[in-house]
Engineer: 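This structure is in C-alpha cells; I'll ask about it shortly.
Order of the sequence lines sets the chain letters (A, B, ...), proteins ahead of strands, with each chain counted from 1.
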There are 2 protein chains.
Amino acid sequence: MIKIGELSKVTGCSVQTIRHYEKEQLIASAERSEGNFRLYDEVAVEQLLFVKHCRSLDLSLPEIRQLLGLSRSPGAQCDDVNRMMDRHIEQVEARIQELTKLNEQLRMLRRSCSNRRTVEQCGILRNLSATPVSSG
Amino acid sequence: MIKIGELSKVTGCSVQTIRHYEKEQLIASAERSEGNFRLYDEVAVEQLLFVKHCRSLDLSLPEIRQLLGLSRSPGAQCDDVNRMMDRHIEQVEARIQELTKLNEQLRMLRRSCSNRRTVEQCGILRNLSATPVSSG
DNA sequence: GATTGACTCTATAGTTGTTATAGAGTTTAT
DNA sequence: ATAAACTCTATAACAACTATAGAGTCAATC
C-alpha cells in the first residue's frame with residue numbers, strides 16, 4: 001500500500017488532482033491509514049492511469065465517469081461507448097477546423113504590418129478596428 | 001446615446017460581457033444617465049467591436065489590453081504588436097498540432113471497437129486501460 | 001397617481017479542470 | 001523533543017464568461 005505522494009510519482013498526476021478525482025468519483029475512495037492518510041494498491045494505480053489516459057484524450061470528467069459506469073455493467077452493449085467517442089471525435093475535428101480558420105486570419109493580419117512602423121500606421125491595429133469577418 | 005441593451009444588440013456582445021469588459025478596462029467606463037444607466041456613443045461601439053474582433057481571434061483579455069495600450073501611444077514602434085501576434089500564432093499552431101495528434105489517437109481507438117459487442121469485449125475500454133502513449 | 005413590464009443596476013456564484021494556499025495533524029528520523 | 005517531510009480539509013485562484021438575486025429606473029397604461 002502506497003500513500004498519495006507515491007501514487008502521484010508513479011502515475012504523474014499531482015496530489016491535488018488525485019484528491020480531486022476522488023471527490024469527483026473518478027477513482028474509488030481510498031482506504032485510510034490510522035492517521036487518516038489515503039492508501040492505494042495496484043488496482044488504484046490502474047484506475048488512475050485509465051482516467052489519466054482518458055484525460056490525455058481530452059475526454060471531460062463527466063465523460064470519463066460515464067465510461068467507467070459502462071465498463072462496470074459488463075452486459076451492456078458498447079454502442080454507447082462508440083457514440084461517445086464519435087461525438088468526441090466530431091468535437092475535436094470541429095475545433096481543429098475553427099483553429100485552422102483562425103490561423104489563416106491571424107497570418108493574414110500579421111502580413112498587414114511589416115516592422116519598424118509606428119503604431120499609427122500599423123496595419124494590424126488598423127485591421128483590428130475594421131468590422132470582423134463573419135465569426136464561424 | 002444608447003443604453004447597454006442596445007449596444008448589446010448592435011455589437012452582438014451580451015450585456016454581462018459588456019459590463020465585464022468595462023470592469024476589466026477593455027472599454028472605457030461609460031457615462032451614466034441620471035438614473036445611473038450606462039450611456040454609449042459611436043466611439044464606444046467602435047471600441048467594443050475592436051475588442052470583439054480581437055476575441056474572435058482568440059486573443060486573451062490581457063493581450064487585448066496590451067494592444068489597446070500600444071494603440072494609445074502612437075509614437076511607439078509596432079514591433080511589439082508584431083511580437084504579440086507572432087507569439088499568438090505560434091500558440092494557435094501548437095494547439096492545432098496537439099489536436100491533430102489527439103484526433104489520430106481517437107480515431108485509432110475508435111477503430112478498435114465495432115458495434116454490438118458487450119463492453120466486456122470492447123476494444124475501446126480495453127485500450128484505454130493500457131498505458132497511454134507518451135503525452136505530447 | 002398607481003401599476004405593469006421591460007429594462008438596468010450591483011454583487012455574487014457557477015462553469016471546467018486543475019493549481020495554490022492556509023492552517024492543522026501525522027510520520028519518520030535525529 | 002524536535003525538525004523535516006508528508007498528509008489532511010477547506011477554500012480561493014485561474015479565464016472568460018454566464019446566470020442569478022434583489023433592487024432601482026423608466027415609459028406607458030388604467
Side-chain angles (χ1 to χ4, degrees), chain A residues 1-27 29-40 44 48 50-68 87-88 91-92 95 98-99 102 135, chain B residues 1-27 29-40 44 48 50-68 84 87-88 91-92 95 98-99 102 132 135:
Chain A
M1 302 292 263
I2 58 176
K3 282 183 287 182
I4 198 167
E6 178 114 18
L7 181 63
S8 171
K9 267 184 211 148
V10 169
T11 60
C13 298
S14 80
V15 167
Q16 301 104 298
T17 297
I18 296 170
R19 289 198 278 245
H20 183 60
Y21 286 169
E22 179 181 316
K23 195 188 295 178
E24 293 291 321
Q25 314 236 44
L26 295 170
I27 55 177
S29 295
E31 284 180 61
R32 297 300 180 105
S33 71
E34 280 194 14
N36 199 33
F37 285 10
R38 288 174 178 82
L39 295 176
Y40 300 95
L48 183 51
F50 178 90
V51 174
K52 193 193 177 191
H53 192 182
C54 290
R55 286 295 299 137
S56 80
L57 296 171
D58 249 13
L59 291 168
S60 70
L61 302 196
E63 281 173 333
I64 298 170
R65 220 177 351 245
Q66 193 186 335
L67 273 185
L68 289 168
R87 187 160 18 91
H88 189 65
Q91 281 173 15
V92 170
R95 184 64 182 151
E98 264 178 42
L99 287 178
L102 183 57
S135 61
Chain B
M1 302 291 264
I2 59 176
K3 281 183 287 183
I4 199 167
E6 179 113 20
L7 182 62
S8 170
K9 267 182 210 148
V10 170
T11 60
C13 298
S14 80
V15 167
Q16 301 105 299
T17 297
I18 296 170
R19 288 198 277 246
H20 183 60
Y21 286 170
E22 180 182 316
K23 195 186 295 179
E24 294 291 322
Q25 314 236 41
L26 295 170
I27 55 176
S29 295
E31 284 180 61
R32 297 299 181 107
S33 71
E34 281 194 14
N36 199 32
F37 285 9
R38 290 174 176 81
L39 295 176
Y40 301 94
L48 183 52
F50 177 91
V51 174
K52 194 193 176 191
H53 192 182
C54 290
R55 285 296 299 138
S56 80
L57 296 172
D58 249 14
L59 291 167
S60 70
L61 302 196
E63 281 172 334
I64 298 170
R65 221 177 349 247
Q66 193 186 334
L67 273 185
L68 289 168
M84 177 192 293
R87 187 158 19 93
H88 189 66
Q91 280 172 16
V92 170
R95 185 63 183 150
E98 263 178 44
L99 287 178
L102 183 58
S135 61

Engineer: Take atom CD1 of A:I18 and atom C1' of C:dT18, then tell me their distance rounded to the nearest Å.
Structural biologist: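 Result: 13 Å.
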Engineer: When you measure from the side chain of B:H20, which nucleotide among D:dA16, D:dT7, C:dG17 comes out closest?
Structural biologist: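 Within the option list, the nearest is D:dA16.
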Engineer: From the options C:dT21, C:dT12, C:dC9, select the nucleotide whose nearest atom is closest to the side chain of B:N36.
Structural biologist: C:dC9
Engineer: Is there a donor-acceptor pair under 3.5 Å between the side chain of A:H88 and the backbone N or O of A:L57?
Structural biologist: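 At least one qualifying donor-acceptor pair exists.
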Engineer: Need to verify one output field. Residue with the more 5' nearest nucleotide on DNA chain C, A:S14 or A:F37?
Structural biologist: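 Whichever sits nearer the 5' end wins; that is A:S14.
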Engineer: Which of the following nucleotides, D:dT9, C:dT10, D:dA16, is nearest to the side chain of A:R38?
Structural biologist: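 Shortest atom-to-atom distance from the side chain points to D:dT9.
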Engineer: For B:L61 and D:dA13, give me the distance from atom CG to atom P, rounded to whole Å.
Structural biologist: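 To the nearest whole Å, that distance equals 18 Å.
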Engineer: Between C:dT27 atom C1' and A:M1 atom CE, what is the distance in whole Å?
Structural biologist: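 Nearest whole value for this atom pair: 17 Å.
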Engineer: Both A:K23 and A:Y40 contact DNA chain D. Taking the nearest nucleotide for each, which residue is further toward the 5' end?
Structural biologist: A:Y40
Engineer: Quickly, which of B:K52, B:M84, B:R55 forms a side chain to side chain contact (heavy atoms under 4.5 Å, CB included) with B:I64? Name it, please.
Structural biologist: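 Of the listed options, the one satisfying the test is B:R55.
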Engineer: Taking only side-chain nitrogens and oxygens of B:T17, does any of them come within less than 4.0 Å of OP1 or OP2 of D:dC17?
Structural biologist: no
Engineer: Of the nucleotides C:dT19, D:dC26, D:dT7, which has the atom closest to the A:Q16 side chain?
Structural biologist: C:dT19
Engineer: Kindly indicate whether the side chain of A:E31, heavy atoms from C-beta on, has any atom under 4.5 Å from the side chain of A:R38.
Structural biologist: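 When only atoms from C-beta onward are counted, A:R38 and A:E31 do not touch, as no gap falls below 4.5 Å.
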Engineer: Mapping B:D58 and B:S33 onto DNA chain D by nearest heavy atom, which one lands closer to the 5' end?
Structural biologist: B:D58
Engineer: Base, sugar-phosphate, or nothing: which does B:R19 touch, judged by heavy atoms less than 4.0 Å apart?
Structural biologist: base
Engineer: Salt bridge or not between A:R95 and A:E98? Use side-chain N to carboxylate O under 4.0 Å.
Structural biologist: yes
Engineer: For the CG atom of A:D58 and the CD atom of A:E63, what is their distance to the nearest 0.5 Å?
Structural biologist: 9.0 Å
Engineer: In whole angstrom, what separates B:L7's CG from C:dC9's P?
Structural biologist: 11 Å
Engineer: Looking only at side-chain atoms of B:I4, point me to the closest of D:dT7, C:dT8, D:dC17.
Structural biologist: C:dT8
Engineer: Could you tell me how far apart A:R32 (CZ) and C:dG25 (P) are, to the nearest whole angstrom?
Structural biologist: 16 Å
Engineer: Report the nucleotide, chosen from D:dT11, D:dC17, C:dT19, that has the shortest atom-to-atom distance to any side-chain atom of B:Y21.
Structural biologist: D:dC17
Engineer: What nucleotide among D:dA19, C:dT27, C:dT18 has an atom nearest to a side-chain atom of A:R55?
Structural biologist: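 The nucleotide sitting nearest to the side chain is C:dT18.
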Engineer: Among C:dG17, C:dT27, D:dT7, which is the nearest nucleotide to the side chain of A:E34?
Structural biologist: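 For A:E34, the side-chain atoms sit closest to C:dT27.
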